[in-house]
Structures are given as structure tokens and as C-alpha cells.
A.B. asks: 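Submitted below is the structure of interest, expressed as C-alpha cells.
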There are 2 protein chains.
Amino acid sequence: MSASPLVRKLGALCLLSEEEIEFLEGLQNNTLNADRGRDFIVEGKDLRTTFIVIEGWAIRYSVLSNGRRQILSYALPGDILGLHVNFRATATYSASALTPLKLSVVDPRRVIEISQKFPIIAAGLSWCTAREFAILGDQAVRLGRLSARQRLAHLFLELWHRFALIGDNNGDWLEIPMTQQDLADTLGMSLVHTNRSLKSLRDIDLISVEKDHVRLNNVKALIEMSEFNPEHLSEFEI
Amino acid sequence: MSASPLVRKLGALCLLSEEEIEFLEGLQNNTLNADRGRDFIVEGKDLRTTFIVIEGWAIRYSVLSNGRRQILSYALPGDILGLHVNFRATATYSASALTPLKLSVVDPRRVIEISQKFPIIAAGLSWCTAREFAILGDQAVRLGRLSARQRLAHLFLELWHRFALIGDNNGDWLEIPMTQQDLADTLGMSLVHTNRSLKSLRDIDLISVEKDHVRLNNVKALIEMSEFNPEHLSEFEI
DNA sequence: CGAATTCTTGACCGGATTCAATTCTCGTGG
DNA sequence: CCACGAGAATTGAATCCGGTCAAGAATTCG
């Protein structure tokens with residue numbers, strides 16, 4: 001049996017001992033499957049659980065009273081949701097399965113245990129937190145200061161680089177399980193304009209699209225035109 | 001001498017022991033003053049320091065190659081910058097003093113020390129982290145799904161509620177040390193449109209503006225019209 | 001008092017939204 | 001195997017919110 005995505009992710013950061021790996025794997029043995037569309041965290045409801053994504057995609061989002069939705073971030077295998085729930089009891093966002101999802105359900109008290117017993121893992125989780133902040137910061141830049149086409153390219157590049165870290169990259173092809181409505185709700189645009197902007201990226205041959213997949217035809221040019229900064233996601237280097 | 005803002009903030013969450021208070025105050029005795037406009041964190045540069053804001057306002061921001069700037073968040077007294085720097089060595093954002101600023105400079109190794117020796121404080125910092133995430137998530141909602149007037153109202157409400165926690169609220173009046181250009185860069189809008197939107201909020205009497213201050217004339221109506229959710233910032237309740 | 005920054009207002013333009021209709025895709029059941 | 005229907009993608013047309021350019025008024029501060 002191969003290592004869990006979280007172990008692979010942290011293992012790419014620093015050398016984990018047998019004991020640490022065992023602990024991390026043991027953390028994830030209480031699993032839960034969620035169908036596409038199923039909410040497993042609901043804004044305003046009690047949240048006293050930490051989730052680790054094992055397989056599939058999840059979204060974090062918030063819905064306004066007029067029905068408009070803003071997707072805040074995507075959670076991929078190895079990502080953790082609700083890492084800091086000890087005090088705050090009510091969720092400030094919702095989370096749902098974008099694809100069939102396999103989660104592990106973790107008692108947050110075990111997270112506290114980590115900082116006392118496994119300093120290396122604790123440092124790794126701290127790194128994950130910093131990374132989440134960087135990703136969310138990039139999302140704010142996208143929403144605030146980029147044009148429609150730039151937003152799309154920027155988001156694709158983020159996801160592509162994130163997959164690179166968990167070693168799930170498929171060449172230039174990127175899995176895109178979300179609908180155009182999901183994309184629109186991520187990038188703060190309308191469905192129609194999302195469609196048109198995608199088309200215009202295709203027209204200038206920067207991307208190719210096939211069922212549920214996008215091909216980044218010219219990563220360098222995409223980085224250039226979208227002001228994407230790969231450093232924000234690069235893994236730790238000595 | 002009165003307690004530091006950080007102690008007041010965490011003290012509002014949970015009862016701190018003498019020892020814990022002493023430790024937190026001791027953490028902040030290495031101070032640094034920065035003039036308005038002075039960058040103390042620079043994107044792309046090495047960052048191995050944790051800062052705690054003692055007095056004044058700071059901004060976290062990112063600048064694109066075309067010169068456009070996106071302000072990500074405001075740091076107020078008691079807020080911590082660079083809490084999770086142990087691994088990631090390069091800053092993914094810049095930070096600068098919006099007003100004359102008094103910071104304390106903390107060795108991040110002392111932050112690690114906390115999780116081992118002061119579990120209550122560690123829990124408090126974890127709560128701070130969750131709160132920062134909620135604030136940044138709200139920023140994404142503002143940028144992605146709110147109209148210009150809504151964004152302004154939403155931001156004012158955020159700041160007003162944040163001041164409430166550190167006990168620095170001045171009735172309905174809110175200190176606004178930033179220029180309209182700063183506001184524009186926060187809310188992803190142009191300077192001109194920021195000015196016009198402010199005027200339209202004044203015209204319908206939701207706010208009043210005076211030098212460096214805004215008065216929220218009708219908090220309830222502002223919350224209503226801007227879709228602001230105070231729960232995201234409310235402190236921990238039993 | 002004078003220079004520089006900040007704020008305000010006008011005019012015009014364009015990117016993005018909205019409404020609406022059509023086409024495409026794909027899972028399901030006859 | 002194909003017809004059907006629901007969701008998803010695409011395209012057109014009209015509109016509008018917000019951006020850009022430009023100029024002037026008001027503050028602030030040395």
C-alpha cells in the first residue's frame with residue numbers, strides 16, 4: 001500500500017521517521033466517503049472536526065443571501081480542512097465535495113497532541129498553514145487586480161503547481177473537474193463571461209480544453225500574462 | 001503600565017495566568033518603530049522573523065509587475081505577522097506601516113517554544129490563525145461577489161468589529177488612516193470609483209466622513225446591505 | 001505661504017453582466 | 001440501441017457598472 005497524500009506532501013518537505021509516518025497514517029484511518037455535491041462543513045454550524053482529503057477534490061465556499069456564491073479555495077489530496085478549530089466552534093465557510101471524495105475524520109485533540117509529541121510534523125503543518133495563506137492571498141490578488149483571462153490562467157497555474165507537489169502531475173494536462181459555473185464562482189465572474197474568456201484563451205492557443213481537462217500549451221507565456229508567481233507555492237528549499 | 005494589545009486580545013478569549021501574561025509581555029520587549037510607508041516585510045525576500053503589532057496600523061499587500069497593488073489585509077494592534085515562518089523562508093507578501101508603527105520583533109523559535117510550554121497560549125494563537133483565515137476569506141467574498149458600495153461598507157464593518165475585540169472602539173466612529181487610494185487597492189477598484197462610491201454611501205446617509213474617520217450611522221442597515229456576517233469575527237463563547 | 005499629496009467631479013469608454021435562446025453532452029430507461 | 005431529458009456549454013444582443021483620462025479643488029505639511 002502506498003503512502004497517503006499527506007505523508008507524501010510532508011515527506012517532500014523533510015525526511016520523516018518511521019514513527020512519524022506511522023502516526024500520520026494512523027491519524028487517517030477513520031475515513032468518510034462523500035458523493036459529489038455533498039456538504040461536509042456548513043457555514044454557521046458547529047465545527048469541531050478536522051478533515052484530511054485523501055482522494056478527490058473539495059471546495060471551500062461561502063454563499064450570500066442573494067444566492068451568489070464565492071468559492072474560496074480548492075482542497076486537493078493531502079490538504080487539511082479545519083486545522084485550527086480548537087476554539088472557534090462555528091464554521092465561517094462551507095465545504096463540499098467537488099468530486100467523489102474520500103476524507104479522513106480527525107479529532108482536533110490529536111492535532112494538539114502533535115505539537116507536543118511530534119515537532120517535525122508540527123513544523124510541517126505550520127508550513128501547510130503558511131501555504132494556505134499564500135494560496136488565499138493569491139486568490140485575493142486574482143479577484144482584486146486581474147482581468148478575466150488572467151484570472152483563469154492564474155488559477156490553472158496554481159492548481160498545476162499544487163499537483164506538482166503531491167506528485168500527481170500529468171504532463172501539461174490538468175484535471176479540471178469543476179463546471180464553468182464553479183470556475184465563475186471561484187473567479188468572481190459571471191458564467192457567460194467565464195465561457196467567453198476560456199474561449200479567448202483557446203483562440204490564442206494558450207490552453208486546450210477537453211472533457212474535464214485543460215492543457216497548458218505554454219506555461220511560460222501563461223505565467224507571464226497572468227502575473228503568476230510560482231515562488232508562492234514552491235516547496236521548501238535548503 | 002497597561003497590558004499589551006495581544007494580551008488583551010487573548011485575555012478576552014480565555015483567562016490567562018500570571019505566568020502566561022508575563023511570558024507574552026516578555027516576548028514583546030524587543031521593539032521596532034517604523035515610519036508611515038516603511039516596508040518591514042518584502043515579498044520575495046527572506047523572512048525569518050515574527051512581528052507583533054503594538055501600536056498603529058500595518059498593511060499586507062502584493063504588487064504586480066504592472067504596478068497595480070492589492071492590499072490583502074490590515075494588521076491592527078495585537079495582530080501577528082509571520083506566525084508561520086519556520087519553514088518557508090521567503091515572504092509571499094509585503095507588509096508596510098500605514099501609520100507610525102510600533103512592532104515587536106520575535107524570534108520564531110520562541111513561537112515553537114510556546115506550543116510545548118504554554119498550551120493555553122498555543123490554543124489562543126491557533127484561534128488567531130483561524131480568525132485571520134476568516135478575515136481573508138471575507139476579503140475574497142468582498143472582492144469576488146460584492147458591488148462597490150457593498151465592499152466599502154463590508155470593510156468598514158470588519159474593521160469596526162475588529163476594534164471592538166481589542167476594546168478600542170470609539171462609539172460609531174471608526175478611525176480610517178488609509179487614503180482613498182489605499183481603500184481602492186484593498187477593494188480591487190479604481191481610485192475614482194472608490195471616491196464616488198463613498199460619496200453615494202454618504203448621500204444615502206449610511207456613513208459620515210470626517211478627517212481620517214468614518215461614522216457608521218446605521219450599523220444594522222450597513223450589515224444588511226453589505227451581507228456582512230459578524231459571526232465570522234465574534235469572539236469565542238462558551 | 002507654497003508644494004505636494006489627496007480628494008472631487010466631468011466625460012467617455014470598455015469589460016463584464018444580464019437576459020435569452022440554442023447546442024452539446026451524457027446518463028438513464030424504454 | 002436509441003430516444004429522452006437534465007445539466008452544461010455556447011453564442012447573441014442590450015445594458016450597465018466600473019475603469020480611464022483629465023482637470024480642478026481642497027488639505028496637509030514643511
Side-chain angles (χ1 to χ4, degrees), chain A residues 35-37 59 64 66-71 96-100 142-155 175-204 207-214 225-226, chain B residues 35-37 59 64 66-71 96-100 142-155 175-204 207-214 225-226:
Chain A
D35 291 335
R36 182 187 158 89
I59 52 173
L64 302 179
N66 57 21
R68 304 186 74 172
R69 178 177 67 152
Q70 178 63 51
I71 293 178
S96 87
L98 188 65
T99 68
R142 253 193 312 255
L143 292 168
R145 286 300 184 215
L146 298 190
S147 70
R149 281 195 299 181
Q150 288 179 308
R151 292 184 204 187
L152 280 165
H154 198 278
L155 176 63
E175 189 193 348
I176 297 289
M178 55 276 210
T179 65
Q180 293 186 4
Q181 183 63 63
D182 294 329
L183 274 177
D185 289 345
T186 306
L187 301 175
M189 343 194 292
S190 69
L191 168 61
V192 172
H193 198 55
T194 301
N195 181 285
R196 292 196 165 109
S197 304
L198 272 171
K199 177 168 165 46
S200 90
L201 283 179
R202 274 189 280 127
D203 286 347
I204 56 179
I207 64 170
S208 307
V209 177
E210 262 179 42
K211 179 184 153 27
D212 282 1
H213 287 268
V214 164
M225 69 81 72
S226 72
Chain B
D35 292 335
R36 181 187 158 91
I59 52 173
L64 302 178
N66 57 21
R68 305 186 73 170
R69 177 178 68 153
Q70 178 62 52
I71 292 178
S96 88
L98 188 65
T99 68
R142 254 193 311 254
L143 292 168
R145 286 301 184 215
L146 298 190
S147 70
R149 279 194 299 180
Q150 287 179 309
R151 292 184 203 188
L152 280 165
H154 198 276
L155 177 63
E175 189 192 349
I176 297 289
M178 54 277 209
T179 65
Q180 293 186 4
Q181 182 63 62
D182 294 329
L183 274 177
D185 289 345
T186 307
L187 301 175
M189 338 194 298
S190 69
L191 168 62
V192 173
H193 199 56
T194 300
N195 181 284
R196 291 197 163 107
S197 304
L198 273 172
K199 178 167 162 48
S200 90
L201 282 178
R202 273 188 280 127
D203 287 347
I204 56 179
I207 64 170
S208 308
V209 177
E210 262 180 42
K211 179 183 152 31
D212 282 0
H213 287 268
V214 164
M225 69 83 72
S226 73

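Letters go in sequence order (proteins before strands), and every chain restarts at 1.
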A.B. asks: Does D:dT10 have OP1 or OP2 sitting under 4.0 Å from an N or O in the side chain of A:Arg202?
C.D. replies: yes

A.B. asks: Starting from C1' on D:dG18, measure out to CG on B:Leu143 and report it in whole angstrom.
C.D. replies: 14 Å

A.B. asks: Any chance you could measure B:Leu143, atom CG, to B:Met189, atom CE, to the nearest 0.5 Å?
C.D. replies: 10.0 Å

A.B. asks: Output the rounded distance in Å from NZ (B:Lys199) to C1' (D:dG18).
C.D. replies: 18 Å

A.B. asks: Look at the side chain of B:Arg151 and the backbone N and O of B:Leu146, then say whether any donor-acceptor pair between them is shorter than 3.5 Å.
C.D. replies: yes

A.B. asks: Can you list, in residue-number order, the parts of residues 180-187 of chain A that come under 4.0 Å of DNA chain D, counting heavy atoms only?
C.D. replies: A:Gln180

A.B. asks: A:Gln150 side chain to A:Arg142 main-chain N or O, any donor-acceptor pair under 3.5 Å?
C.D. replies: no

A.B. asks: Rounded to whole Å, please give me the gap between CD1 in B:Ile176 and P in C:dT6.
C.D. replies: 16 Å

A.B. asks: Rounded to the Å, how far apart are B:Arg36 CZ and D:dC29 C1'?
C.D. replies: 13 Å

A.B. asks: Between A:Leu187 and A:Thr194, is there a side-chain heavy-atom distance shorter than 4.5 Å?
C.D. replies: no

A.B. asks: Going by heavy atoms in the side chains, are A:Ile207 and A:Leu152 under 4.5 Å from each other?
C.D. replies: no

A.B. asks: Are any side-chain N or O atoms of A:Arg36 and backbone N or O atoms of A:Pro100, one a donor and one an acceptor, separated by less than 3.5 Å?
C.D. replies: no

A.B. asks: For nucleotides 22-25 of chain C, tabulate all protein N/O to nucleotide N/O atom pairs closer than 3.5 Å, reporting atom names and distance.
C.D. replies:
none

A.B. asks: Rounded off to whole Å, could you give me the CG-to-C1' distance for the B:Asp212 and C:dT6 pair?
C.D. replies: 11 Å

A.B. asks: Please report the shortest heavy-atom distance between B:Gly37 and B:Ser96, naming the atom on each side.
C.D. replies: O-CB, 4.3 Å

A.B. asks: I would like to know whether B:Thr179 and B:Asp182 meet side-chain hydrogen bond (donor to acceptor under 3.5 Å, both in side chains); could you show each step before the answer?
C.D. replies: CA-CA 5 Å; B:Thr179 65; B:Asp182 294 329; 3.2 Å; yes

A.B. asks: Taking all non-hydrogen atoms of both residues into account, name the closest pair between A:Leu98 and A:Pro177 and its distance.
C.D. replies: CD2-CG, 4.0 Å

A.B. asks: What are the two closest heavy atoms between A:Arg149 and A:Ser200, and how far apart are they?
C.D. replies: CD-OG, 2.6 Å

A.B. asks: By nearest atom, which of the nucleotides C:dT6, D:dT10, C:dC7 is closest to the A:Asn195 side chain?
C.D. replies: D:dT10

A.B. asks: Rounding to a whole Å, what distance do you find between B:Glu210:CD and D:dT28:P?
C.D. replies: 11 Å

A.B. asks: Using a cut-off of under 3.5 Å, enumerate the N/O to N/O pairs linking the protein to nucleotides 16-20 of chain C.
C.D. replies:
residue, atom, partner, partner atom, Å
C:dA16, OP1, A:Ala148, N, 3.3
C:dA16, OP2, A:His193, NE2, 2.8
C:dA16, O5', A:His193, NE2, 3.2
C:dT17, OP1, A:Ser190, N, 3.0
C:dT17, OP2, A:Ser190, N, 3.0
C:dT17, OP2, A:Ser190, OG, 2.8

A.B. asks: Please examine the side chains of A:Ile59 and A:Asp185, heavy atoms only from C-beta on, and report whether any two atoms are closer than 4.5 Å.
C.D. replies: no

